[in-house]
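Below is one structure, written out as structure tokens; the observations come after it.
What's counted below: heavy atoms across the whole structure, side chains too, no hydrogens, waters or symmetry copies. Starting from 1, each residue takes its place in the sequence as its number. Being a predicted model, the structure only gives us computed values, none of them experimental.
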Amino acid sequence: MFTWEFASDPYPAYAWLREHAPVHRTRLPSGVEAWLVTRYADAKQALADPRLSKNPAHHDEPAHAKGKTGIPGERKAELMTHLLNIDPPDHTRLRRLVSKAFTPRRVAEFAPRVQELADGLIDRFAATGSADLIHEFAFPLPIYAICDLLGVPREDQDDFRDWAGMMIRHGGGPRGGVARSVKKMRGYLADLIHRKRAALPLEPAPGEDLISALIRASDHGEHLTENEAAAMAFILLFAGFETTVNLIGNGTYALLTHPEQRERLQTSLAAGERGLLETGVEELLRYDGPVELATWRFATRPLTVGGQEVAAGDPVLVVLAAADRDPERFTDPDTLDLARRDSQHLGYGHGIHYCLGAPLARLEGQTALATLLTRLPDLRLAADPAELRWRGGLIMRGLRTLPVSFTPPVSSAGNGPSPTQK
């Protein structure tokens with residue numbers, strides 16, 4: 001299950017597991033043994049089961065301390081107290097503090113900036129007739145967007161892009177590179193929090209950035225420590241960019257390899273309609289979503305999942321990619337249908353850990369795909385699909401590169417300003 005061939009197309013193996021071993025104990029490349037949950041009904045139960053904790057302290061061996069679970073370097077950088085590692089009541093308290101930044105109204109107010117970013121990035125390569133959509137579009141778009149939301153100054157955002165680039169490379173970078181990037185990001189966030197606290201106005205301005213809002217909450221009795229504020233900013237960046245990179249990359253690739261679906265969407269967009277775009281992004285999340293396995297959970301006491309006994313302390317990994325293609329839940333699950341209405345996918349999770357940034361991810365995915373297909377209408381894959389490589393890693397699913405070609409628009413700006421300069 002952990003070969004490059006598997007990464008290219010894991011769905012046949014997941015289909016076998018759903019049928020023959022729906023809750024299967026396996027040894028991961030790190031040496032950690034974990035249960036894989038692959039059926040939709042079992043996955044939905046596990047995602048919401050309070051007996052499956054997000055806190056690595058419940059693991060029956062100190063694997064997390066050795067960097068074998070979780071994000072490399074987060075423990076040494078004192079970034080452990082974030083939403084992916086904690087349970088209620090701390091999870092409830094911290095989630096409440098940041099939830100206001102991701103309300104539909106706040107996200108709608110952010111839409112013009114996301115559109116500006118999408119157009120600015122396309123402007124930079126449109127005149128060339130070719131691009132790597134991962135590195136030139138899908139990767140920088142959510143980085144700059146989440147930096148704006150957090151309140152990272154524009155002049156510092158390219159540093160964040162470099163650090164995030166190292167984190168997203170997984171095994172493709174220098175040894176220890178992810179941990180070093182996490183440490184640099186931690187140091188920067190600590191300094192930024194100090195600077196923002198010193199300059200914080202008495203009353204919040206409309207649309208106040210998220211880091212300032214976290215500082216304001218901690219200064220007004222919410223008991224948010226500096227480590228919690230830094231960890232929260234860190235995980236919002238970490239969880240908020242790679243998922244969207246893969247949503248845009250996987251989604252574009254799926255459209256380019258399903259021309260009839262792509263044509264339907266372009267026709268709908270040309271008519272000024274958004275219904276197919278909205279259902280289409282949900283279907284792309286179900287069909288080949290950005291998160292292959294949900295993040296780690298640990299049994300706090302013995303329980304039964306899918307008829308299988310899970311012991312206290314055992315790690316459990318819910319395979320979202322398998323659950324979202326379960327024929328017991330979805331009709332023709334291996335078929336891409338952008339008009340699919342019944343798409344209650346688990347791509348954003350389920351239960352109290354449902355993705356906080358889902359409204360922003362939807363906005364970014366819809367904006368990115370609509371802008372690409374509208375501005376570059378003859379966009380086409382510039383490589384044999386068999387030659388494309390998927391990034392290694394346990395949780396995320398995404399392409400390393402996505403080479404495309406297209407006819408340069410007549411009015412293309414070519415070398416427009418960096419999104420951080422606009």
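Atom-to-atom distance recorded for Asn55:CG and Thr300:OG1 is 10.5 Å, nearest 0.5 angstrom. The CG atom of Asp288 sits 11.0 Å away from the CD atom of Glu283 when rounded to the nearest 0.5 Å. Remark: His353 NE2 to Thr295 OG1 distance equals 8.0 Å, nearest 0.5 Å. Residue Leu200 holds its CG atom at 12.0 Å from CD1 of Ile193, rounded to the nearest 0.5 Å. Distance check: Gln45 CD to Asp42 CG gives 6.5 Å after rounding to the nearest 0.5 Å. Rounded to the nearest 0.5 Å, atoms OH (Tyr11) and CG (Asp334) are 9.5 Å apart.
Phe298 and Trp296 have parallel rings, their planes meeting at less than 30° on a 0 to 90° scale where 60° marks the start of perpendicular.
Inspection of the Tyr144 and Asp158 side chains reveals an N or O donor paired with an N or O acceptor under 3.5 Å. A side-chain donor-acceptor contact under 3.5 Å links Thr244 and Glu364. Between Asp156 and Tyr188, the side chains place a donor N or O and an acceptor N or O closer than 3.5 Å (distance only, hydrogens not considered). A donor-acceptor pair shorter than 3.5 Å can be found between the side chains of Gln266 and Arg262.
The backbone N or O of Leu338 sits less than 3.5 Å from a side-chain atom of Thr279, completing a donor-acceptor pair. Proximity of a side-chain donor or acceptor of Asp326 to a complementary backbone N or O of Arg39 within less than 3.5 Å is not detected. Checking side-chain atoms of Glu292 against main-chain N and O of Arg397 turns up no donor-acceptor pair under 3.5 Å. Formation of a donor-acceptor pair under 3.5 Å by the Arg329 side chain with backbone atoms of Ala323 is not found in this model. Side-chain atoms of Thr371 come within 3.5 Å of backbone N or O of Thr367 as a donor-acceptor pair. Not a single donor-acceptor pair under 3.5 Å links the side chain of Thr252 to the backbone N or O of Gly249. Arg340 contributes a side-chain N or O that, together with a main-chain N or O of Thr335, makes up a donor-acceptor pair within less than 3.5 Å.
A salt bridge is absent between Asp132 and Arg400: the closest approach of a Lys/Arg side-chain nitrogen to an acidic carboxylate oxygen does not fall below 4.0 angstrom. A salt bridge links Glu282 to Arg362: at least one charged side-chain nitrogen sits closer than 4.0 Å to a carboxylate oxygen. A salt bridge links Asp148 to Arg154: at least one charged side-chain nitrogen sits closer than 4.0 Å to a carboxylate oxygen. Taking a cutoff of 4.0 Å between a charged side-chain nitrogen and a carboxylate oxygen, Arg105 and Glu109 qualify as a salt bridge. Taking the charged nitrogens against the carboxylate oxygens, Arg375 and Asp119 do have a contact shorter than 4.0 Å, which makes a salt bridge. A salt bridge links Arg264 to Asp337: at least one charged side-chain nitrogen sits closer than 4.0 Å to a carboxylate oxygen. With salt bridges taken as basic N to acidic carboxylate O contacts below 4.0 Å, one links Lys196 and Asp209.
Stacking of Arg325 on the aromatic ring of Tyr14 is not recorded, the 6.0 Å distance cut-off and the 45° axial limit not both being met. Cation-pi geometry between Arg380 and Phe406 is not satisfied (NZ or CZ under 6.0 Å from the ring centre, within 45° of the ring normal).
Between Leu373 and Leu255, the closest side-chain pair of non-hydrogen atoms falls below 4.5 Å. Contact of the Leu317 side chain with the Leu28 side chain is registered, since non-hydrogen atoms from C-beta on lie closer than 4.5 Å. In this structure, the side chains of Ser405 and Asp378 stay at 4.5 Å or more apart for every pair of heavy atoms. Counting heavy atoms from C-beta on, the side chains of Gln308 and Pro22 never come closer than 4.5 Å. When side chains are defined from C-beta on, Trp16 does not count as touching Thr38, because their heavy atoms never get closer than 4.5 Å. Side-chain contact check for Tyr287 versus His258: some heavy-atom pair is nearer than 4.5 Å. Residues Arg297 and Leu47 are in side-chain contact: their nearest non-hydrogen atoms beyond the backbone lie under 4.5 Å apart. You'll find the side chain of Arg161 reaches within 4.5 Å of the side chain of Phe139, heavy atoms only.
For Glu263, the CD atom counts as loosely surrounded, since its 6.0 Å shell holds 12 or fewer non-hydrogen atoms of other residues, nucleotides or ligands. Counting non-hydrogen atoms of other residues, nucleotides and ligands closer than 6.0 Å to CD of Gln344 gives a total of 12 or fewer. The environment of Glu260 atom CD is dense: over 12 non-hydrogen atoms of other residues, nucleotides or ligands sit within 6.0 angstrom.
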* To do: Walk me through it: do Leu189 and Met185 pass the test side chain to side chain contact (heavy atoms under 4.5 Å, CB included)?
  => CA-CA 6 Å; Leu189 288 171; Met185 196 176 290; 4.3 Å; yes

* To do: Could you walk me through whether Tyr253 and Leu381 pass side chain to side chain contact (heavy atoms under 4.5 Å, CB included), step by step?
  => CA-CA 8 Å; Tyr253 175 71; Leu381 196 60; 4.1 Å; yes

* **Derivation and outcome, side chain to side chain contact (heavy atoms under 4.5 Å, CB included), residues Leu402 and Phe137** => CA-CA 10 Å; Leu402 183 57; Phe137 186 72; over 6 Å; no

* Applying side chain to side chain contact (heavy atoms under 4.5 Å, CB included), run through Ile248 and Leu141 and close with a yes or a no. => CA-CA 10 Å; Ile248 297 170; Leu141 175 60; 3.8 Å; yes

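Nearest heavy atom pair, residue Leu336 against residue Leu284, reads CD1-CD2, 3.9 Å. The nearest pair of heavy atoms linking Leu285 to Asp324 is O-OD2, 4.4 Å. Taking all atoms of both residues into account, the shortest heavy-atom contact from Gly351 to Ala48 is CA-CB, 4.3 Å. The minimum heavy-atom distance between Gly306 and Val23, with the atom names listed, is CA-CG2, 4.0 Å. Scanning all heavy atoms of the two residues, the minimum distance from Asn250 to Gly289 falls at ND2-O, 3.3 Å. Here the shortest heavy-atom pairing between Ala46 and Val318 reads CB-CG2, 3.8 Å.
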